[in-house]
Amino acid sequence: MPKADPFRMRRFLDVLLKHGNFTRAAKDLYISQPYLTQTIQNAETELGVAIINRATSPIRLTAAGRIYYQYLTTLENEQAQFHKRLSQYTAPAKQVIRVGILSSLGYYLLPLILPDFLQVHPTVKIDLTEDISERNEQRLLHHDLDFLIGQDPQTIAAGLTVHDRGHDGYYAIIPHTSALYQPHQAYINPHSLSMDQLLQAPLVLSPQGSSIRRQVDYLLQKFHVDPHIVVESSNTLTVQKLAQRGLGVTFLPDSVTVTPDSAHYNLYPLPQDLVSLTYFIASPAGKELTTPEKDFVTLFLTNLEASLADPSSR
């Protein structure tokens with residue numbers, strides 16, 4: 001690999017691709033154009049291949065340049081992860097609590113917990129990893145996380161200590177493009193549609209492995225439906241917006257708030273005796289929790305219970 005500082009090279013390439021020529025890029029970087037040109041040429045000489053296609057306007061990376069850029073990006077990400085993991089040992093005076101959570105779930109749950117927790121423990125740093133539950137569960141099992149916050153603890157792996165609290169329901173978004181759509185109805189009465197009808201409609205879903213998808217897959221299996229999945233997205237808000245714009249029916253927990261809009265979609269509550277979710281917080285089995293970690297668990301349980309008892313507080 002070239003001897004040049006990889007992080008400086010990544011910065012140079014980012015700005016060069018942004019502006020599409022050496023002159024404007026050099027000005028943005030506060031360096032001379034000849035110096036920027038020479039730095040790129042030196043990297044190409046060491047690599048033995050051109051990384052910039054100068055024949056195009058604006059200039060672009062070559063195929064080899066894209067591989068090199070990806071390499072630089074990987075180096076930068078690995079260094080960031082290294083410092084992130086090392087920080088818990090290099091700065092022991094400031095405790096770090098590493099929490100894994102689905103981003104759309106964090107949008108609802110974290111505001112119920114973190115303000116109160118950080119008021120009691122202002123020196124504790126919360127390090128969030130927002131990803132699907134399946135990957136965060138593996139991180140927790142490998143001790144790369146201290147806690148996993150999720151839903152549906154019955155699917156959680158062995159080897160974890162789980163505290164669950166509260167039940168929440170699901171609803172369907174039925175867009176105006178669906179044969180099930182009822183004009184000028186913000187909400188469709190519960191039990192007025194069959195699950196067969198909903199599951200056989202074109203669907204917009206989160207990917208397999210996510211908590212919501214596990215619930216949907218359970219329903220598909222229970223009702224023996226071979227689904228027509230239009231698209232999958234790991235971002236719950238993307239799934240929500242695509243359903244609202246008419247791409248297909250989707251299913252979301254009540255914690256994902258959607259503004260009623262009868263002109264474009266219906267909201268249909270699903271029977272809780274058929275499908276519901278339970279929120280949980282998990283930690284590695286046998287781990288001795290510190291005082292801040294114990295308080296974090298307590299606040300999760302008590303604040304969530306209060307929120308579920310009073311839906312207006314969400």
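Just so you know, these numbers come straight off a predicted model, no measurement behind them.
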May I ask you to decide whether R98 forms a salt bridge with D127, counting only side-chain N to carboxylate O separations under 4.0 Å? no

I'd like to know if the side chain of Q215 and the backbone of S276 have a donor-acceptor N/O pair within less than 3.5 Å. yes

Inter-residue atom distance I51.CD1 - Q41.CD, 0.5 Å rounding: 10.5 Å

So, E44 and R54, do they make that salt bridge, N to O below 4.0 Å? yes

Scan side-chain atoms only and decide if Q221 and D217 contain a donor-acceptor pair under the 3.5 Å cut-off. no

Quick check: does any side chain N or O of N266 sit under 3.5 Å from a backbone N or O of Q182, one acting as donor and the other as acceptor? yes

Worked verdict on Y268 versus N189 for side chain to side chain contact (heavy atoms under 4.5 Å, CB included): CA-CA 7 Å; Y268 176 66; N189 290 332; over 6 Å; no

What's the separation between atom CD in Q138 and atom OG in S133, rounded to the nearest 0.5 Å? 12.0 Å

Check whether E293 reaches the backbone of T290 with its side chain - one donor and one acceptor, N or O, closer than 3.5 Å. yes

To check you understand the geometry: which heavy-atom pair defines the closest contact between G106 and P111, and what is its length? O-CD, 3.3 Å

Ignoring hydrogens, what is the shortest heavy-atom contact between V230 and P202? Give both atom names and the distance. CG2-CB, 3.7 Å

I'd like to know if the side chain of T250 reaches the main chain of Q240, judged simply by a donor and an acceptor atom lying under 3.5 Å from each other, with no hydrogens or angles considered. no

Measure from the side-chain N and O atoms of N303 to the backbone N and O of L112, and report whether any donor-acceptor pair falls under 3.5 Å. yes

Here the gap from Y170 atom OH to L274 atom CG, rounded to the nearest 0.5 Å, amounts to 11.5 Å

Can you tell me how far NZ of K287 sits from CG of L140, rounded to the nearest 0.5 angstrom? 8.0 Å

With a 4.5 Å cut-off on side-chain heavy-atom distances among I, L, V, M, F, W and Y, is there a chain of contacts connecting L247 to L267? no

For Q272, is the CD atom crowded, meaning more than 12 foreign heavy atoms sit under 6.0 Å from it? yes

Check for a donor-acceptor pair, side chain of Q197 on one end and backbone N or O of S194 on the other, with a separation under 3.5 Å. yes

Is there a donor-acceptor pair closer than 3.5 Å between any side-chain N or O of R213 and the backbone N or O of S206? yes

For a quick test of reading the model, state the closest non-hydrogen atom pair linking V204 to V239 and the distance between them. O-CG1, 3.6 Å

Side chain to side chain, F117 and I97, heavy atoms closer than 4.5 Å: yes

Check the angle between the aromatic planes of Y71 and Y68 and answer parallel, tilted or perpendicular using the 30° and 60° thresholds. parallel

T161 versus A285, closest heavy-atom pair with distance: OG1-CA, 3.4 Å

Once rounded to the nearest 0.5 Å, what's the spacing between atom CD1 of I126 and atom NE2 of H121? 9.5 Å

Within the distance-only criterion (no hydrogens, no angle test), does the side chain of T302 pair as donor or acceptor with the backbone N or O of T298 below 3.5 angstrom? yes

Could you give me the CA-CA distance, side-chain angles and deciding distance for L193 and I174, then say whether side chain to side chain contact (heavy atoms under 4.5 Å, CB included) is met? CA-CA 11 Å; L193 298 175; I174 303 173; 3.6 Å; yes

Heavy-atom closest contact (L198 atom, A172 atom, distance): CD2-CB, 4.4 Å

D28 and R24 ion-paired at < 4.0 Å: no

Please lay out, stage by stage, how E134 and R214 fare under the test side chain to side chain contact (heavy atoms under 4.5 Å, CB included). CA-CA 10 Å; E134 191 174 57; R214 288 174 183 173; 4.1 Å; yes

From CA spacing to verdict: side chain to side chain contact (heavy atoms under 4.5 Å, CB included), L270, M195: CA-CA 9 Å; L270 302 181; M195 285 306 305; 4.0 Å; yes

Would you say the ring centroid of F296 lies under 6.0 angstrom from that of F147? yes

Straight-line distance of I173 CD1 to Q244 CD, nearest 0.5 Å: 5.0 Å

Specify the closest pair of heavy atoms between H176 and G246, including all atoms of both residues, with the distance to one decimal. CE1-CA, 4.5 Å

